[in-house]
Each structure stands twice: as C-alpha cells, then as structure tokens.
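Sequential numbering from 1 along the given sequence is applied to the chain's residues.
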Amino acid sequence: MAHLAPTGKWDARYLGPVPHDSSYYAKCMLGGVLACGITHASITPLDVTKCNMQVNPGKFKGLFSGLKMITAEEGSGGLWKGVGPTFIGYSLQGMFKYGLYEVFKDMYMNLAGEEASSKYKGAIWLAGSASAEVFADIALCPLEMTKVKIQTSPAGTFPVPMMAALREMSALKAETRYPFGSIVPLWSRQIPYTMAKFFFFEYIVGLFYSKVFTAPKDTYGKTTQLGVTFASGYLAGVVCAVVSHPADSVVSLMGKPANRGKGVGQIASEVGIASLATKGLGTRVLMIGTLTGFQWWIYDTFKTAMGMGTTGGK
C-alpha cells in the first residue's frame with residue numbers, strides 16, 4: 001500500500017504521491033525560497049509604509065498618504081528601501097519555514113503513529129510549523145533587523161545599500177543589539193503567525209476538499225487545486241495578520257532611535273496594547289493576506305512542477 005514504508009510499517013513519509021526522502025525535502029526548501037523571497041521583496045513599498053506607520057503614527061496616518069509622503073520626501077526609491085535584506089532574509093526564512101515544516105510534520109506523525117496522527121492532525125500542524133519557525137527566524141533575524149533600521153531611519157541618517165547597512169549594524173552592535181537582538185520579539189511575532197498560517201491553511205484546504213470539491217483530490221485538475229491553494233492561503237493570511245500584529249509593531253518600534261536600549265516589555269507598556277494591535281493593521285491585513293495567498297500558490301506550483309502534488313487535503 002502507498003502509505004507503507006518498504007519495511008511494511010505505516011510511515012507518514014509515504015502518504016503522498018511521492019516518497020518524502022531527502023530529495024523531496026530539498027525541493028520543498030527551494031520552493032520555500034521562491035515563495036517567500038519573491039513575495040516579500042515585491043511588497044517592499046507596503047512594508048516600508050507599514051513600518052513607518054508603526055514607528056511614527058503621528059506623521060504616517062494611512063497607507064496611501066504614507067506612500068505619497070515617502071515618495072515626496074525621498075523619491076520613488078524611498079519606497080524600495082531595504083529590498084535587498086528583505087529578499088535575502090525572507091528567502092532564507094522560507095527555506096527553513098517550508099522545508100523544515102515538511103520534515104517536522106512527518107517526524108511528529110511517525111512519533112504519534114497512524115491513529116493519533118489522524119485524530120490530532122491539528123496539533124501536529126501546529127507543532128511542526130512552530131518547530132520549523134524557530135530555525136527560520138534565526139536565519140532571518142540579522143537581515144530583518146537591518147531591513148527595519150533602513151526603512152525607519154530618517155533619510156541620510158543610515159546607509160541604504162544592503163552591504164553598507166550590514167557593516168553599520170555590526171559596527172553599532174552595542175546599540176543595535178545586532179545580529180540577534182530582535183530574536184525574542186521576532187519569535188513572538190513569527191511563531192504564532194506561522195502556526196496560524198499552516199494550521200488554518202491545512203484546515204481550510206481540508207474544508208474545500210470535504211465540503212466543496214468532494215471527489216478525490218487527484219481527480220481535479222492542477223488549476224483547480226492551485227485555486228484552492230491560493231484561496232486557502234489568502235484566508236489563512238488574514239488570520240495570521242491579526243494574530244501576529246502586536247509583536248510585529250514591537251519589532252518595528254525596536255528600530256526607532258528613541259527606543260534604543262529599551263526592552264520589549266517597556267516598549268509595549270509605553271505604547272499600549274491597543275496601539276500595538278491596531279496601528280497599521282489594515283495595511284498588514286491587505287499585505288499579509290495577499291502575501292500568504294501567493295506564497296502558498298508559488299510553493300504548490302513549484303511542488304506540482306516537480307511532480308510532488310499540492311499541499312493538504314489528503
């Protein structure tokens with residue numbers, strides 16, 4: 001049977017259309033690079049505006065007015081500040097996020113066994129995604145800190161080119177706490193975000209294939225399957241944005257010169273939870289919903305091209 005390993009025992013690595021071997025996991029890592037690096041880099045103008053709305057809400061009051069203000073003050077190039085560390089950082093993050101999710105999910109399913117992994121599949125999605133994100137954020141953190149510093153520093157006060165910015169961050173590490181000074185708020189933002197992203201994606205895909213497209217999944221064409229992937233990813237992304245926004249605000253505020261040397265708790269108490277949870281949220285919902293939908297679509301398109309099938313709905 002397809003779900004049995006060569007030894008004859010049930011094995012989660014043999015549940016899909018192809019065995020989950022080292023080649024499979026490597027391809028998933030590459031798919032994650034493409035999914036996260038391209039999408040995050042492409043929405044840099046939204047990210048620049050969102051970060052400035054969080055750090056300086058008195059000046060940047062909305063998405064469109066913020067975009068216009070940055071363009072007026074710094075030119076159109078100001079909207080693309082930090083695109084280099086964004087692309088590299090989120091490519092590395094995507095590699096571990098998606099690739100290690102597949103590894104941990106299979107590992108936890110095998111630890112739980114066939115019956116428990118079916119009964120508690122939600123817990124396995126949560127544990128697998130959280131485990132993967134721990135490593136993904138370690139790879140991302142130095143570049144995320146640099147990106148935020150570039151995007152929120154007043155024009156002319158901090159280098160914009162990536163390599164110059166990385167050198168400056170290193171030179172000022174006593175002040176910036178580079179390279180891992182933001183790892184705790186980053187974990188606080190990204191682990192709940194990723195748990196929601198993978199749990200709700202898997203759950204919504206399952207609903208589509210149990211309530212809407214009720215025939216066996218492999219009877220539907222790739223266009224339909226990838227449409228389900230995008231819709232599920234977009235809806236999951238909206239949930240992600242709300243769940244992780246307060247921690248995202250803290251990460252942005254830590255790059256503000258006035259907050260130099262302050263801890264996460266002090267920044268949160270000074271700004272207030274209401275402000276952390278709402279400032280820039282509309283922009284982030286739009287950004288993360290679209291972003292997550294396209295990330296899953298790119299990832300599953302790559303997997304399909306590799307003959308690996310789309311994610312979820314088994």
Side-chain angles (χ1 to χ4, degrees), residues 25-44 46-48 50-51 81-105 125-151 162 165-166 169 178-201 233 236-237 240-241 243-245 247-252 254-255 284 287-303 311:
Y25 296 132
K27 290 172 183 175
C28 289
M29 285 185 167
L30 180 54
V33 168
L34 297 174
C36 292
I38 293 170
T39 50
H40 275 277
S42 69
I43 59 166
T44 297
L46 289 177
D47 194 29
V48 171
K50 182 265 302 178
C51 285
K81 291 192 304 183
V83 68
T86 296
F87 177 72
I88 301 298
Y90 282 93
S91 292
L92 291 171
Q93 188 213 36
M95 178 174 71
F96 292 111
K97 182 196 295 278
Y98 283 90
L100 291 184
Y101 172 68
E102 302 280 358
V103 172
F104 281 117
K105 182 170 72 168
W125 299 336
L126 291 169
S129 57
S131 300
E133 192 60 33
V134 169
F135 296 95
D137 290 343
I138 292 171
L140 170 65
C141 189
L143 292 140
E144 175 74 358
M145 291 181 70
T146 305
K147 172 195 80 83
V148 170
K149 188 69 173 175
I150 292 171
Q151 292 177 342
M162 183 174 74
L166 288 170
M169 288 291 286
Y178 179 84
F180 296 111
S182 291
I183 192 64
V184 172
L186 195 58
W187 276 331
S188 300
R189 180 188 82 184
Q190 289 296 137
I191 291 176
Y193 163 84
T194 299
M195 292 171 72
K197 173 179 180 173
F198 282 81
F199 175 87
F200 284 103
F201 173 80
C240 292
V243 167
S244 63
H245 191 69
D248 181 69
S249 297
V250 172
V251 172
S252 295
M254 288 183 75
R284 194 155 190 267
M287 185 175 87
I288 298 299
T290 306
L291 184 82
T292 306
F294 276 112
Q295 281 180 354
W296 277 112
W297 184 83
I298 291 169
Y299 181 65
D300 270 0
T301 297
F302 178 80
K303 285 180 68 177
T311 305

Could you check whether atom CZ of F104 has more than 12 heavy atoms from other residues, nucleotides or ligands sitting under 6.0 Å from it? yes
Listing request: all salt bridge (Lys or Arg N to Asp or Glu O under 4.0 Å) pairs with a residue in residues 86-99, at least two apart in sequence or in separate chains. K97-E133
Rounded to the nearest 0.5 Å, the CG atom of L30 sits from the OH atom of Y299 at a distance of 10.5 Å
Nearest heavy-atom neighbours spanning D300 and F201: OD2-CZ, 4.2 Å
For a quick test of your reading: what N or O donor-acceptor pairs under 3.5 Å do the side chains of residues 137-145 make, sequence neighbours left out?
{"from": "E144", "atom 1": "OE1", "to": "Y90", "atom 2": "OH", "distance (Å)": "2.9"}
{"from": "E144", "atom 1": "OE2", "to": "R189", "atom 2": "NH1", "distance (Å)": "3.1"}
{"from": "E144", "atom 1": "OE2", "to": "R189", "atom 2": "NH2", "distance (Å)": "3.2"}

Please tell me if the side chains of M162 and V83 come closer than 4.5 Å, counting only heavy atoms from C-beta onward. no
Could you tell me how the ring of W296 sits relative to the ring of Y98: parallel (under 30°), tilted (30 to 60°) or perpendicular (over 60°)? perpendicular
Identify the two heavy atoms, one from G82 and one from I150, that lie closest to each other, and give their separation to 0.1 Å. N-CG2, 3.6 Å
Just jot down the ring pair (Phe, Tyr, Trp, His ring centres under 6.0 Å) partners of Y178, sequence neighbours excluded, or say none. none
Over all heavy atoms of both residues, which pair between M195 and S129 is shortest? Give the atoms and the distance, please. CA-OG, 3.4 Å
Audit row: Q151, T44, side-chain contact (heavy atoms from CB on, under 4.5 Å) steps and yes/no: CA-CA 10 Å; Q151 292 177 342; T44 297; 4.0 Å; yes
Less than 6.0 Å separating the ring centroids of F198 and W125? no
dist K149:NZ -> C51:SG (nearest 0.5 Å) comes out at 13.0 Å
Would you please name every residue forming a salt bridge (Lys or Arg N to Asp or Glu O under 4.0 Å) with K50, sequence neighbours left out? D47, D248
Compile the donor-acceptor pairs under 3.5 Å between side chains in residues 33-40 and protein atoms, sequence neighbours left out, one pair per line.
{"from": "T39", "atom 1": "OG1", "to": "A35", "atom 2": "O", "distance (Å)": "2.5"}
{"from": "T39", "atom 1": "OG1", "to": "C36", "atom 2": "O", "distance (Å)": "3.3"}
{"from": "T39", "atom 1": "OG1", "to": "Q295", "atom 2": "NE2", "distance (Å)": "3.3"}
{"from": "H40", "atom 1": "NE2", "to": "Q295", "atom 2": "NE2", "distance (Å)": "3.3"}

Heavy-atom check, side chain of S188 versus side chain of V250, under 4.5 Å: no
Rounded to the nearest 0.5 Å, how far does CG of L46 lie from CD1 of I288? 10.0 Å
Of all residues at least two apart in sequence or in a different chain, which pass the ring pair (Phe, Tyr, Trp, His ring centres under 6.0 Å) check with F200? none
Step through the shown structure and confirm whether more than 12 heavy atoms of other residues, nucleotides or ligands are within 6.0 Å of OH on Y25. yes
No-hydrogen, no-angle side-chain donor-acceptor test under 3.5 Å, K303 and T311: yes
Minimum heavy-atom distance K81-V48, with the two atoms named: O-CG2, 3.5 Å
For W297 and T301, work out which heavy atoms get closest and say how close. O-OG1, 2.6 Å
Atom of S131, atom of A127 and distance for their closest heavy-atom approach: OG-O, 2.8 Å
